[in-house]
Protein chains: 2
Amino acid sequence: MFSKACEYGIRATLYVAMQSMEGQRAGLREIVDVTGTPAAYMAKILQKLVHAGILDSVRGPVGGFGISRIKIDNIRLAELVHTLEGDRFQGTCLLGKKSCGDTVCPLHNEFLEMKEEMLGMLENTSLFELASQLSLGLGTLKYRDEGET
Amino acid sequence: MFSKACEYGIRATLYVAMQSMEGQRAGLREIVDVTGTPAAYMAKILQKLVHAGILDSVRGPVGGFGISRIKIDNIRLAELVHTLEGDRFQGTCLLGKKSCGDTVCPLHNEFLEMKEEMLGMLENTSLFELASQLSLGLGTLKYRDEGET
DNA sequence: AAAATAAAAGACTAAATTGTCCTTTAATAT
DNA sequence: ATATTAAAGGACAATTTAGTCTTTTATTTT
Ligand code: FES
Ligand code: FES
């Protein structure tokens, strides 16, 4: 569904959001540990999120990544996905057309409703909703079936 | 959403189905022309579909690809996708877990309904439905925004 | 039987994605 | 000031996906 970069990025962002809500910064080491993802690769992804203005970072001791409460409330999954995947989920076609324009792919009609629902979901789900659930212990950020031998 | 191989494969299969319903075999040249896809790559994909028992093929003049009426009626999009993508869409997680098992990813709850709908759609949409629509002139197999300078 | 046709098969190249490593820069603490 | 810490940055390696090219095999036509 999503690229690895996007998966990792979502997981990291949610962890950072969770920590920021507790007034804590999250360091790379910590993020990588709690998500079980490749450190150097995650560093790149975090960098991208900082560049995009989604996360903020400070260097040095006591440094790490954070995200403001305003952003936690306002940033939607769609923005995260767009930052990490580009246009791949931006109002586009299931079968690879650039957009569902004038002429339409063979799956357009069958999947129209489903697609609207999915894009709506991405557009309406805030980081806050997701991070809150995580704080309540619903859901995990680290998967056994991934890396980590 | 889907890989190129899968996109191309779906488009090709639908064209072959359309032609088979008219009692015509479809050759690679023709398929490539009508879908606007890279010929040699499409050949690989068609081969895979033949191996999977979805399409049949005959060599030599008057040869080409076909699909039986029974298969047109019974094969669902899910089978096609599974053949061309492996398990990537097989009852699995939006965020990359192998399956929505005991512990669940942060998107599981929000997207559960949507995902069920999508998997249901893949499972319930037959080639016949899609090919019929194409025969009626609804939908296109060749995209301007793709290759083909 | 030969010539022509079209799929099968396999080896290969190109590009994108994923992942690693190593150096630099900024912040803090001693 | 200097040593330490942690992110930033860039160059690289590995893997996967996408795409090409060339030869072989099966079928049909002449
Ligand atoms: S044209 Fe393909 S989903 Fe709309
Ligand atoms: S666990 Fe991720 S969608 Fe179910």
Side-chain angles (χ1 to χ4, degrees), chain A residues 1-13 16 19 24-33 35-67 81 83-88 95-96 146-149, chain B residues 1-12 16 19 24-33 35-67 81 83-88 96 146-149:
Chain A
M1 184 95 212
F2 299 113
S3 63
K4 286 290 173 205
C6 189
E7 286 176 17
Y8 295 167
I10 291 172
R11 289 200 260 161
T13 301
V16 171
Q19 290 305 98
Q24 305 278 323
R25 254 169 200 295
L28 173 65
R29 207 66 57 87
E30 190 185 349
I31 293 172
V32 156
D33 188 54
T35 58
T37 47
Y41 193 40
M42 182 57 96
K44 297 291 169 193
I45 295 165
L46 289 166
Q47 243 181 82
K48 204 172 206 177
L49 291 168
V50 170
H51 283 146
I54 292 171
L55 300 181
D56 54 272
S57 68
V58 318
R59 309 192 211 195
V62 198
F65 299 88
I67 177 168
V81 170
T83 303
L84 295 166
E85 306 245 13
D87 293 331
R88 207 149 69 76
L95 266 194
E146 205 176 64
E148 290 295 287
T149 12
Chain B
M1 186 95 213
F2 300 113
S3 64
K4 285 292 174 205
C6 190
E7 287 177 15
Y8 296 166
I10 291 171
R11 290 200 260 160
V16 171
Q19 291 304 97
Q24 305 279 322
R25 245 162 211 300
L28 172 64
R29 206 65 58 88
E30 190 186 347
I31 293 172
V32 156
D33 188 54
T35 58
T37 48
Y41 194 40
M42 182 56 96
K44 296 291 169 194
I45 296 166
L46 289 166
Q47 242 181 83
K48 205 172 205 176
L49 291 168
V50 169
H51 283 146
I54 292 171
L55 301 181
D56 54 273
S57 69
V58 318
R59 308 193 213 195
V62 197
F65 299 88
I67 177 170
V81 170
T83 302
L84 295 165
E85 307 245 12
D87 293 332
R88 207 148 70 75
E146 205 176 62
E148 290 294 286
T149 12

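Quick note on labels: first sequence line is chain A, next is B, and so on, each numbered from 1. All values below were derived from every heavy atom in this structure, side-chain atoms included, with hydrogens, water molecules and symmetry-related copies excluded.
Look at A/His51 and you won't find any side-chain N or O under 4.0 angstrom from OP1 or OP2 of D/dA8. The side chain of B/Gln47 contributes no N or O atom lying less than 4.0 Å from OP1 or OP2 of C/dA7. Between D/dA6 and A/Ser57, no contact under 4.0 Å exists linking OP1 or OP2 to a side-chain N or O. Listed pair A/Tyr8 / C/dG19 meets the phosphate criterion, a side-chain N or O lying under 4.0 Å from OP1 or OP2.
Closest contact between the side chain of A/Ala40 and the listed nucleotides D/dA8, D/dG19, C/dT20 involves C/dT20. Of the candidates D/dA8, C/dA7, D/dA18, the closest approach to any side-chain atom of B/Arg59 belongs to C/dA7. Here the side chain of B/Pro38 is nearest to one of D/dA8, C/dG19, D/dG19, namely D/dG19. Comparing D/dT25, D/dT28, C/dA29 by their closest approach to the side chain of A/Val62 singles out C/dA29.
Regarding A/Tyr41, its OH atom lies at a distance of 17 Å from the P atom of D/dG9, rounded to whole Å. Following rounding to the nearest Å, A/Lys48 (NZ) and D/dA7 (P) show an atom-to-atom distance of 19 Å. Across the protein-nucleic acid pair, A/Arg29 atom CZ and D/dA7 atom C1' stand 11 Å apart, rounded to whole Å. Between A/Lys44 atom NZ and D/dA7 atom C1' there is a gap of 11 Å when expressed in whole angstrom units. In this structure, B/Leu46 places its CG atom 13 Å from P of C/dA9, rounding to the nearest Å. We find that CE of A/Met42 is positioned 12 Å from P of C/dT20, with the value rounded to whole Å. Residue A/Ile45 contributes atom CD1, which lies 13 Å from atom C1' of C/dT20 at whole-angstrom precision. Whole-Å rounding puts the B/Asp56 CG to C/dA7 P distance at 12 Å.
Partners of A/Ala12 by side-chain contact (heavy atoms from CB on, under 4.5 Å), not counting sequence neighbours, listed by chain and number: A/Ile31, A/Met42, A/Leu46.
With A/Glu85 contributing its side chain and A/Ser3 its backbone, the two residues share a donor-acceptor pair below 3.5 Å.
To the nearest 0.5 Å, the span separating OG1 on A/Thr35 from CD on A/Glu30 amounts to 10.5 Å. The OG1 atom of B/Thr37 sits 7.5 Å away from the CD1 atom of B/Ile45 when rounded to the nearest 0.5 Å. One finds the CG atom of A/Leu55 at 5.0 Å from the OG1 atom of A/Thr13 (value rounded to the nearest 0.5 Å).
Heavy atoms of B/Leu28 sit under 4.0 angstrom from primed sugar atoms or phosphate atoms, though from no base atom. Backbone-only contact: B/Ala5 has heavy atoms under 4.0 Å from sugar-phosphate atoms and none from a base.
Of the residues near DNA chain C, A/Ala39 and A/Val58, the one whose nearest nucleotide (by heavy atom distance) lies more toward the 5' end is A/Ala39.
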